[in-house]
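In each ligand, atom 1 is the first atom listed, and ligand 1 is the first ligand listed.
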Amino acid sequence: MAVAAETQSEEKGSSEVSAAEKRRWTLNDFDIGKPLGRGKFGHVYLAREKKSNHIVALKVLFKSQLKQSQVEHQLRREVEIQSHLRHPNILRLYGYFYDQTRVYLILEYAAKGELYKELQKCKYFSEKRAATYISSLARALIYCHGKHVIHRDIKPENLLIGAQGELKIADFGWSVHTFNRRRTMCGTLDYLPPEMVESVEHDSSVDIWSLGVLCYEFLYGVPPFEAREHSDTYRRIIKVDLRFPPKPIVSSSAKDLISQMLVKDSSQRLPLHKLLEHPWIVQNADLSGIFRG
Ligand code: AMP
């Protein structure tokens, strides 16, 4: 889960009852299996729903820690948004329940784990693999934006890999459901666009910027505006100090796409439907979204 608290109140009217609230689950409905990982607020376990035998990931969050970090509002929003999204490249949130001390999220199980680890292992991805992932994420974000959901925190740590090798956007902790332009500062520094660094209004084109940063990191193994000091990263983002190192060798077509996404004026960023038509995507991406390495 993403962390820091956010103060604005917006999004949907509270009268809208989420699908997640329709069924009352309890811990007794699940057989708990091996731990899958540990997050800031709790643990994630492999689990099986007893009646259907459906395998899920059960995320267990401690209420005390959520309260202490003042992220209850953020979690509520995350659940509300994620439970309504249905896309092959977005991790499903099937439901939630709670007891006195904990909140449990019933999540789709991403069998191949974290993309972040895969990128660390490979150092950087081939152009075919990067383009396949980027086009699948662009389709998922087009779907989100069509529902007026901005993710705002696209980065390798928030992506999981499904059983077939397809990417799943997994963390909606910073997402918003909005019809308005917004001013909130959120997300992780390296992936923040200039308009969020400078706290001016932003809209769904923040996700195009982050996808451009991600594309760069897939191909080079490091994010484009990385610097030793936070202040230098800020400076480089605001200037759009984009440089392409000579190694690893990356095609000019990939660099062209990245340059069209990392544009300071958010209205001039390559729209996501145009990204899908870019020659680099057309020539390299597997439309199934599955990387067959
Ligand atoms: P999080 O609290 O979301 O950061 O999750 C902690 C760790 O648990 C992640 O880094 C993953 O390794 C693992 N994990 C979380 N959700 C899932 C999932 N749906 N499927 C498989 N592994 C997961």
Side-chain angles (χ1 to χ4, degrees), residues 1-6 19-20 25 27 29-49 52-98 101-122 133 136-137 140 151-175 186-188 190-191 210 214 217 289-291:
M1 246 195 55
V3 270
E6 190 194 76
W25 298 96
L27 200 50
D29 292 318
F30 299 90
D31 289 320
I32 307 298
K34 66 170 183 179
L36 293 172
R38 230 178 138 154
K40 181 153 198 268
F41 298 102
H43 304 251
V44 183
Y45 298 92
L46 191 63
R48 185 174 49 208
E49 201 274 314
S52 64
N53 272 338
H54 194 78
I55 298 291
V56 296
L58 201 62
K59 190 188 268 198
V60 185
L61 305 161
F62 290 96
K63 282 181 177 175
S64 55
Q65 288 175 25
L66 296 169
K67 214 172 194 149
Q68 205 177 3
S69 307
Q70 299 183 303
V71 291
E72 302 118 299
H73 172 74
Q74 200 178 322
L75 176 66
R76 219 168 262 139
R77 182 167 58 194
E78 180 175 356
V79 169
E80 179 65 27
I81 291 177
Q82 204 174 341
S83 63
H84 280 93
L85 300 175
R86 305 266 187 287
H87 189 277
N89 300 109
I90 297 174
L91 195 80
R92 278 288 303 274
L93 177 81
Y94 298 116
Y96 72 92
F97 55 96
Y98 48 86
T101 53
R102 289 162 290 207
V103 179
Y104 304 83
L105 303 185
I106 311 164
L107 293 162
E108 177 182 1
Y109 171 50
K112 294 201 171 147
E114 295 170 84
L115 178 76
Y116 180 72
K117 283 201 183 133
E118 194 59 25
L119 186 57
Q120 269 189 332
K121 200 173 80 191
C122 303
Y133 286 163
S136 71
L137 294 174
H151 188 277
R152 306 198 300 180
D153 201 19
I154 295 294
K155 57 181 177 182
E157 293 86 337
N158 289 341
L159 300 170
L160 294 173
I161 310 175
Q164 312 297 318
E166 75 283 21
L167 282 197
K168 305 266 182 194
I169 302 179
D171 191 326
F172 281 76
W174 272 122
S175 64
C186 59
T188 309
D190 271 306
Y191 278 71
S210 305
L214 192 68
E217 182 160 355
I290 297 166
F291 171 69

### Message
Is it the case that atom CZ in F62 sees more than 12 heavy atoms from other parts of the structure closer than 6.0 Å?
### Response
yes
### Query
L160 heavy atoms, cut-off 4.0 Å: which ligand 1 atoms fall inside?
16 (N), 17 (C), 18 (C), 19 (N)
#### Entry: Proximity of V44 to ligand 1 by residue part, where a heavy atom lies under 4.0 Å
side chain
### Message
Heavy-atom pairs closer than 4.0 Å: do any link ligand 1 to the side chain of A110, the backbone, both, or neither?
### Response
both
### Task
Would you mind checking if R76 and E78 are paired as a salt bridge, meaning a charged N to carboxylate O distance below 4.0 Å?
no
### Query
What do the steps show when you test E80 against R77 for salt bridge (Lys or Arg N to Asp or Glu O under 4.0 Å), and what is the final call?
CA-CA 5 Å; E80 179 65 27; R77 182 167 58 194; over 6 Å; no
### Message
Counting only heavy atoms not in R92 (residues, nucleotides, ligands), do more than 12 fall under 6.0 Å from its CZ?
### Response
yes
### Task
Examine K117 against ligand 1 and note whether any of their N/O atoms are separated by less than 3.5 Å.
no
### Task
Check ligand 1 against A57 and write out every atom of the ligand that is under 4.0 Å from a heavy-atom position of the residue.
18 (C), 19 (N), 20 (N)
### Message
I need the contact type for L91 against ligand 1. Using non-hydrogen atoms and a strict under-4.0 Å cut-off, is it side chain, backbone, both or neither?
### Response
side chain
### Task
Answer side chain, backbone, both or neither: which part of E108 comes under 4.0 Å from ligand 1, heavy atoms only.
backbone
### Task
List the steps, then state whether ring pair (Phe, Tyr, Trp, His ring centres under 6.0 Å) holds for W25 with Y94.
CA-CA 11 Å; W25 298 96; Y94 298 116; 8.9 Å; no
### Task
Could you tell me whether Y109 and ligand 1 have an N or O pair separated by under 3.5 Å?
no
### Query
Looking at CG of L167 and OG of S136, how far apart are the two atoms once the value is rounded to the nearest 0.5 Å?
4.5 Å
### Message
Donor-acceptor pair, distance only, cut-off 3.5 Å: does the side chain of R86 make one with the backbone of S83?
### Response
yes
### Query
Is there a heavy atom of K168 sitting under 4.0 angstrom from any atom of ligand 1?
no
### Summary
Checking heavy atoms under 4.0 Å, the part of R38 that sits near ligand 1 is backbone
